[in-house]
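Note that the structure is a prediction, hence the values are computed from the model and not measured. Count residues from 1 along the sequence.
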Amino acid sequence: MDASDEKQIFTPDQVAGMVDHMNEDHADSVLLYVEAYSDFEGADSARRVSIDAEGMDISAQASGVETPIRIVFEKRLQTPHDAHMTLVSMSKRAKRK
């Protein structure tokens with residue numbers, strides 16, 4: 001098992017489902033993640049690209065330029081339910097910032 005396998009607790013279908021769901025139904029939260037949990041400034045849009053046990057990859061756009069962003073979770077995710085609870089918590093904290 002290589003390091004990338006150790007990071008992946010989700011099946012490819014679960015990753016695709018989570019990515020699609022966030023981009024289609026919670027685009028505002030994806031942008032909030034960039035604003036609250038990264039050093040990237042001035043993003044006018046963002047979309048999640050992937051998620052694994054240690055973090056999520058987001059593509060942020062500012063002034064027409066896309067920039068890859070990696071947001072690392074405070075703790076390693078263990079299950080898909082853990083991912084859901086972590087992301088909801090992160091979104092709530094980001095809205096308060």
Side-chain angles (χ1 to χ4, degrees):
M1 178 182 291
D2 67 22
S4 64
D5 290 336
E6 291 176 9
K7 287 187 351 183
Q8 197 53 270
I9 60 167
F10 309 116
T11 67
D13 287 342
Q14 287 173 320
V15 171
M18 287 187 280
V19 166
D20 290 346
H21 170 69
M22 288 302 295
N23 290 334
E24 292 170 10
D25 299 331
H26 303 291
D28 57 333
S29 289
V30 178
L31 184 56
L32 277 173
Y33 295 145
V34 171
E35 293 169 348
Y37 301 106
S38 79
D39 294 331
F40 188 81
E41 295 182 8
D44 46 45
S45 67
R47 64 182 176 79
R48 182 182 295 164
V49 176
S50 189
I51 184 171
D52 58 57
E54 296 175 0
M56 62 182 144
D57 296 305
I58 296 174
S59 178
Q61 187 169 20
S63 303
V65 177
E66 285 196 38
T67 301
I69 306 291
R70 174 75 176 171
I71 297 174
V72 177
F73 299 130
E74 290 178 359
K75 66 178 184 77
R76 189 177 197 286
L77 303 178
Q78 301 298 317
T79 66
H81 178 72
D82 191 22
H84 173 76
M85 298 307 293
T86 297
L87 294 168
V88 168
S89 175
M90 287 176 70
S91 182
K92 287 179 181 178
R93 282 191 318 223
K95 288 176 183 175
R96 290 192 300 261
K97 288 187 177 187

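- Listed here is the closest heavy atom pair of Phe10 and Leu77: CZ-CD1, 4.0 Å.
- Residues satisfying the side chain to side chain donor-acceptor pair (under 3.5 Å) criterion with Glu66, sequence neighbours excluded, are Ser59.
- The shortest non-hydrogen separation linking Gln78 to Ile9 is C-CD1, 3.5 Å.
- Scanning for side chain to side chain contact (heavy atoms under 4.5 Å, CB included) contacts around Val19 gives Val15, Asn23, Arg48, with sequence neighbours left out.
- Atom CG of residue Leu87 and atom CE of residue Met22 lie 6.0 Å apart, to the nearest 0.5 angstrom.
- For residues 77-89, the set of pairs meeting the salt bridge (charged side-chain N to carboxylate O under 4.0 Å, His left out) definition, not counting sequence neighbours, comprises Lys75-Asp82.
- In terms of the side chain to side chain contact (heavy atoms under 4.5 Å, CB included) criterion, Ser63 has no residue partners (sequence neighbours excluded).
- Considering all non-hydrogen atoms of both residues, Ala43 and Ala60 come closest at CB-CB, 4.3 Å.
- Take Glu35 and apply the side chain to side chain contact (heavy atoms under 4.5 Å, CB included) test, not counting sequence neighbours, and it matches Leu31, Leu32.
- Residues in residues 58-88 take part in no ring-ring contact (aromatic ring centres under 6.0 Å, His included) pair, two or more places apart or across chains.
- Annotation: ring-ring contact (aromatic ring centres under 6.0 Å, His included) contacts involving residues 31-67, sequence neighbours excluded, are absent.
- For the atom pair Arg76 CZ and Thr86 OG1, the distance stands at 12.0 Å (nearest 0.5 Å).
- Applying the side chain to side chain donor-acceptor pair (under 3.5 Å) criterion to Asp57, with sequence neighbours excluded, gives Arg70.
- For Ala36, the side chain to side chain contact (heavy atoms under 4.5 Å, CB included) partners two or more places apart in sequence, or in a different chain, are Ala94, Lys97.
- Listed by chain and residue number, His26 satisfy the ring pair (Phe, Tyr, Trp, His ring centres under 6.0 Å) test with His21 (two or more places apart in sequence, or in another chain).
- Using a 4.5 Å cut-off on side-chain heavy atoms (C-beta onward), Met90 and Ile71 make contact.
- Under the salt bridge (charged side-chain N to carboxylate O under 4.0 Å, His left out) criterion, Glu41 pairs with no residue at all, not counting sequence neighbours.
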